[in-house]
Asker: 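Provided herewith is a single structure, encoded as structure tokens, for subsequent inquiry.
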Amino acid sequence: EAGREVVFEVWANRLENKIHDLQTHFDPILSIHDAQGRELQAADNHFYADPLLIFRPPADGRYFLQIRDTTYAGNPSWIYALQATSGPAITATLPMAVNPGSVASLRAVGVNFDAGQPISLDVPKESPPGIHFFDLATTRGKSLPVPLLVTPLPVVLERDDAGATFDKAQEIGFPSAVSGRLGESGDLDLFRFLARKGTIYSFEVMARRLYAECDPVVSLVNGQGKSLVETDD
């Protein structure tokens, strides 16, 4: 139907990829074609090498979805699962971290639901720390499963786009699980904390592992603005 967004999500590379197994792996790509065979839209790497395609038909009619390997290769072990829905699909949530045994209030981005309404999630008390998938209850029904980080650390939300200057840096304590968003080009978030000499502090970012599209870099800067260390990947 014209204008009714449909969502296609592939599970393939995520299910088989092991970096040291010396095998070739399925690298899927999706494309939409009209009744005359013309390609209208394509999608590649979104969830690592697995694609996500959101398609808004320009007119009523019959369309074709094609899935193939990016190099046109094939292998009997290259099995895939394709999830197709015209229902809710969520591409990001804030926060991405939730506590076990809590009722989390999430702000979500995606299609086929009211993004202006917060989504409540009852996180099972028995959920162990780590990445879990939850189908979230939206105003238009449950979404495709969304990855969230379950953590026992207190969840802290970025406030007012955590200022990019030292006088506006958001203060955080230890331990904590800070959940934020790099919402525009050039955005950086600055957090201030008090440290004791001789104490070891650890900072770990969870982003790409939760299929976020950002590629974060973390810098440690002292009170005088001098960069002490920077880390990536």
Side-chain angles (χ1 to χ4, degrees), residues 4-17 26 28-30 41 43-56 65 67 79-158 161 176-184 187 189 204-216:
R4 184 175 183 180
E5 288 178 304
V6 289
V7 180
F8 303 97
E9 179 186 340
V10 174
W11 280 81
N13 192 272
R14 286 175 285 177
L15 298 176
E16 68 169 20
N17 199 14
F26 186 18
I29 186 169
L30 288 175
Q41 189 175 332
D44 198 355
N45 309 329
H46 184 89
F47 306 105
Y48 301 134
D50 289 339
L52 172 74
L53 192 154
I54 300 174
F55 177 61
R56 182 189 290 269
L65 176 74
I67 181 170
I79 307 300
Y80 64 86
L82 172 69
Q83 296 191 100
T85 181
S86 58
I90 291 172
T91 56
T93 66
L94 189 68
M96 292 180 76
V98 295
N99 295 135
S102 70
V103 179
S105 179
L106 308 174
R107 292 286 181 175
V109 177
V111 296
N112 297 329
F113 67 94
D114 182 0
Q117 295 295 320
I119 297 173
S120 292
L121 172 66
D122 288 312
V123 186
K125 186 177 182 180
E126 63 275 10
S127 299
I131 298 172
H132 297 260
F133 283 82
F134 298 95
D135 49 351
L136 303 181
T138 76
T139 53
R140 288 187 51 185
K142 288 194 173 183
S143 71
L144 291 179
V146 177
L148 295 173
L149 176 65
V150 175
T151 174
L153 302 182
V155 174
V156 176
L157 284 177
E158 173 192 9
D161 193 27
S176 60
V178 181
S179 197
R181 188 197 310 271
L182 298 175
E184 58 188 21
D187 191 12
D189 295 337
E204 179 184 2
V205 177
M206 301 282 285
R208 289 293 294 154
R209 285 171 285 179
L210 286 155
Y211 307 132
E213 295 185 64
C214 62
D215 182 7

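Side chains included, hydrogens not; waters and symmetry mates left out as well; all remaining heavy atoms used.
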Asker: Could you check whether any side-chain N or O of Asp50 sits under 3.5 Å from a backbone N or O of Arg14, counting only pairs where one atom can act as donor and the other as acceptor?
Answerer: yes

Asker: Taking distance alone, no hydrogens or angles, what donor-acceptor pairs closer than 3.5 Å link side-chain atoms of residues 116-135 to residues at least two apart or in another chain?
Answerer:
from   : atom 1 : to     : atom 2 : distance (Å)
Ser127 : OG     : Pro124 : O      : 3.0
His132 : NE2    : Pro128 : O      : 2.7

Asker: Judged by atom type as modelled, is there a donor-acceptor pair below 3.5 Å linking the side chain of Asn112 to the main-chain atoms of Glu5?
Answerer: yes

Asker: Taking all non-hydrogen atoms of both residues into account, name the closest pair between Ala97 and Ser179 and its distance.
Answerer: N-OG, 4.1 Å

Asker: Mark yes or no for whether Thr85, through its side chain, and Gly87, through its backbone, hold a donor-acceptor pair below 3.5 Å.
Answerer: yes

Asker: For residues Asn13 and Phe26, report the shortest heavy-atom separation together with the two atoms involved.
Answerer: ND2-O, 3.0 Å

Asker: Quick check: do Tyr211 and His46 have side-chain heavy atoms less than 4.5 Å from each other?
Answerer: no

Asker: Would you sort out whether Leu106 and Val98 count as a side chain to side chain contact (heavy atoms under 4.5 Å, CB included), showing the intermediate values?
Answerer: CA-CA 9 Å; Leu106 308 174; Val98 295; 4.2 Å; yes

Asker: Keeping the roles fixed (side chain from Ser143, backbone from Pro88), state whether a donor-acceptor pair exists under 3.5 Å.
Answerer: no

Asker: To the closest 0.5 Å, what do you measure between CZ (Arg181) and CZ (Arg107)?
Answerer: 10.5 Å

Asker: Any sub-3.5 Å donor-acceptor pair from Asp44's side-chain atoms to Pro51's backbone N or O?
Answerer: no

Asker: May I ask you to test the Ser86-Val6 pair for a side-chain heavy-atom distance under 4.5 Å?
Answerer: yes

